[in-house]
Amino acid sequence: MLSFGSLRGAGPGPIASVAPDGSGGGVEERQLAAPVLLECGYYDVEQVEAITQALLVTLGTACVEKTAGDPFSQPAAVVPDIKKEMLEYLHSQSESYASGSGVVSSQGMHQAAPPSKVVDDIFEGFIRSKKNLYSRVSSKIIHSDKREDKIEDFVQELDRTGVWMVGRREVLAKALLKRVDRSKTYHCKMRFGTSEELAEHKACCMLRPLTCVNNGCGNVYSALHADAHDGSCLFKLLPCKLNCEAMVARGEMEKHSLILCPMKLLSCPFQPVGCQQTMPQGVLEQHCVEFLGHHLLQVLQSVQKHEVAVGGQGQRILLLEKALSIAQRAEAVDIGSMVLTLKEQENRVNLLEQEVKKLRQDLKATDVSAEVLQLRRELRNLQKQVGSNTQSNGSVSPLH
């Protein structure tokens, strides 16, 4: 099983030697004869930091994947078991890679691969081995952002609660780096017989840790990467790119050049009235003082032009107001005419309705008069017939 001691190796200490006769001698003789070799012990700081952080992320990810879809198990509950399995997996896989007898990942490894890349592939293999069926299916269905957020939150929780302290992870990271560093370029394997020789070597070892001296940075890196850090450090003071006398931090250069630098080119504030000069920001005030009279004359000329323009605009406004008033009056007249026309039409309609009513009444009266006349005629005829009948009866009665 992988442990800190097994990955760390023997470290500095006495190296046993064989006796001249080949027998190896006794223990006491070997201890007296064995030279004490002191190991440098420096590692590439960036590689160690990357592996140290990856250890915690891998543990958190594996715990989340192991408990995905299980309502009765939480990632925190399986941390001890997953951590133990992870150490065993790292031990077997790193040994396999170091001996060259196994394949760490499906993509394979090259001898010159950085240790952090080798270890990352080992970590990916371990995470895949912890995925359950639900995790494998949900990774294709559920949005990956939710899964990544859950993993990130749990990793932060592990870091906050101190489940795996940074110091212990760093020791394990160095042991892993030493084991998988086939090229021997990311850790110093030099050994020395005296402490003076060791100190002399450490003073110039390319993997010795250096702390950035730029105010505000404080990053630690190996001497091998000093030039790269110096070329990218945001806190390194550089001469202003606009050639002012200030020394500006690389991270503040853009802000300095756009806002603060006295050599920043600005247009004269009287440019709208005619001054077309541009000058460094630092001499702008002096320019305004020297050309005050000229600027005032330009302002006066601009005001006069504006007055003429305003006068012309005023006349145009008056004409527009008059035109609007005429249009409004014409519209009012049109509306009045329409109202009168409507009233006239309404009166005509009323008159026509009255005439129609009267005609109906006259027609009705005419029909009644004709009937009365007809009845009168019939009555007269009846009277005449009765009269004639009476006369005829009177003339006949004496004969009886």
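Starting from 1, each residue takes its place in the sequence as its number.
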Plane angle bin for His287 and Phe291 - parallel if under 30°, tilted between 30 and 60°, otherwise perpendicular: tilted
Please indicate whether Lys322 has more than 12 foreign heavy atoms, meaning atoms of other residues, nucleotides or ligands, lying under 6.0 Å from its NZ. no
Sidechain-backbone polar pair: Asn350 side chain, Gln354 backbone, donor-acceptor under 3.5 Å: no
Under a 4.0 Å threshold between the charged nitrogen and the carboxylate oxygen, would Glu39 count as salt-bridged to Lys178? yes
For Glu200, is the CD atom crowded, meaning more than 12 foreign heavy atoms sit under 6.0 Å from it? no
Leu318 and Glu321, any side-chain heavy atoms less than 4.5 Å apart: yes
Of all heavy-atom pairs between Leu207 and Leu224, which one has the smallest distance, and what is that distance? CD2-CD2, 4.5 Å
Give a yes or no on whether Val48 and Val45 share a hydrophobic cluster (residues Ile, Leu, Val, Met, Phe, Trp, Tyr; joining criterion: side-chain heavy atoms under 4.5 Å apart). no
Leu55 and Phe123: CA distance, side-chain angles, deciding distance, side chain to side chain contact (heavy atoms under 4.5 Å, CB included) verdict: CA-CA 8 Å; Leu55 283 167; Phe123 289 157; 3.4 Å; yes
Quick one: do Val155 and Val119 end up in the same hydrophobic cluster if we chain Ile, Leu, Val, Met, Phe, Trp and Tyr together by side-chain heavy atoms under 4.5 Å apart? yes
State whether the side chain of Arg250 and the backbone N or O of Cys233 hold a donor-acceptor pair below 3.5 Å, judged by distance alone. yes
Does a salt bridge link Lys174 with Glu170, judged by any charged N lying under 4.0 Å from a carboxylate O? yes
Non-hydrogen atoms of Lys202 and Cys40 that approach each other most closely: CE-O, 3.0 Å
Nearest heavy-atom approach of Glu95 to Arg179 is CG-NH1, 3.2 Å
Within a radius of less than 6.0 Å around CD of Gln304, do more than 12 heavy atoms belonging to other residues, nucleotides or ligands occur? yes
Looking only at heavy atoms, the pair that brings Leu266 and Gln281 closest together is CD1-CG, 3.6 Å
Just wondering, more than 12 heavy atoms not from Asn347 lying within 6.0 Å of its CG? yes
Hydrophobic cluster membership, Trp164 vs Leu158, 4.5 Å side-chain cutoff: yes
Does Thr67 use its side chain to pair, donor to acceptor, with the backbone of Gln74 at less than 3.5 Å? no
Using side-chain heavy atoms (C-beta onward) and a distance below 4.5 Å, is Met190 in contact with Cys205? no
Working to the nearest 0.5 Å, report the span between CD of Glu85 and NZ of Lys130. 3.5 Å
Between OG1 on residue Thr52 and CG on residue Leu177, distance to nearest 0.5 Å: 9.5 Å
State the NE2-CG distance between His256 and Leu242, to the nearest 0.5 angstrom. 6.5 Å
Should His306 and Ser302 count as side-chain neighbours, where that means a heavy-atom distance under 4.5 Å? yes
Under a 3.5 Å distance rule, please check whether Arg168 uses its side chain to pair with a backbone N or O of Met165 as donor and acceptor. no
Taking every non-hydrogen atom, the tightest pair across Met263 and Cys244: CG-CB, 3.6 Å
N-O pairing of Glu65 and Arg147 below 4.0 Å: yes
Does any non-hydrogen side-chain atom of Ile82 lie less than 4.5 Å from one of Pro75? no
Cluster link Tyr89 to Leu59, ILVMFWY, side chain under 4.5 Å: yes
Does Ile51 form a side chain to side chain contact (heavy atoms under 4.5 Å, CB included) with Tyr43? I'd like the steps, not just the answer. CA-CA 12 Å; Ile51 297 174; Tyr43 296 81; over 6 Å; no
Between Lys264 (side chain) and Ser257 (backbone), is there a donor-acceptor pair under 3.5 Å? no
Is any side-chain heavy atom of Ser222 less than 4.5 Å from a side-chain heavy atom of Glu46? no
Would you say that more than 12 heavy atoms from the other residues, nucleotides or ligands in this model lie under 6.0 Å from the CE of Met247, or not? yes
Which residue is it: Leu297, Val299, Leu296? I am looking for the one with a side chain to side chain contact (heavy atoms under 4.5 Å, CB included) to Val273. Val299
Looking only at heavy atoms, what is the nearest atom pair of Ser73 and Val78, with distance? OG-CG1, 3.9 Å
Asn215 atom CG, neighbour heavy-atom count above 12 within 6.0 Å: no
What is the distance from atom OG of Ser267 to atom CD of Gln276, rounded to the nearest 0.5 Å? 8.0 Å
Calculate, to the nearest 0.5 Å, the distance between atoms CE and NE2 belonging to Met206 and His225 respectively. 9.0 Å
Angle between ring planes, Phe270 versus His295, binned at 30° and 60°: parallel, tilted or perpendicular? parallel
Glu197 backbone acceptor or donor facing Thr194 side chain under 3.5 Å: yes
Could you tell me how the ring of Phe192 sits relative to the ring of His201: parallel (under 30°), tilted (30 to 60°) or perpendicular (over 60°)? tilted
Taking atom types as modelled, is there a side-chain donor on Ser116 or Gln47 under 3.5 Å from an acceptor on the other? yes
Apply side chain to side chain contact (heavy atoms under 4.5 Å, CB included) to residues Leu172 and Leu87 and explain how you reach the verdict. CA-CA 10 Å; Leu172 180 57; Leu87 292 175; 3.6 Å; yes
Separation between CZ (Phe126) and CG (Leu90), nearest 0.5 Å, reads 7.5 Å
With clusters defined by side-chain heavy atoms of hydrophobic residues (ILVMFWY) lying less than 4.5 Å apart, directly or transitively, does Leu258 cluster with Leu260? yes
Check whether any side-chain heavy atom of Pro114 lies under 4.5 Å from a side-chain heavy atom of Tyr186, and answer yes or no. yes
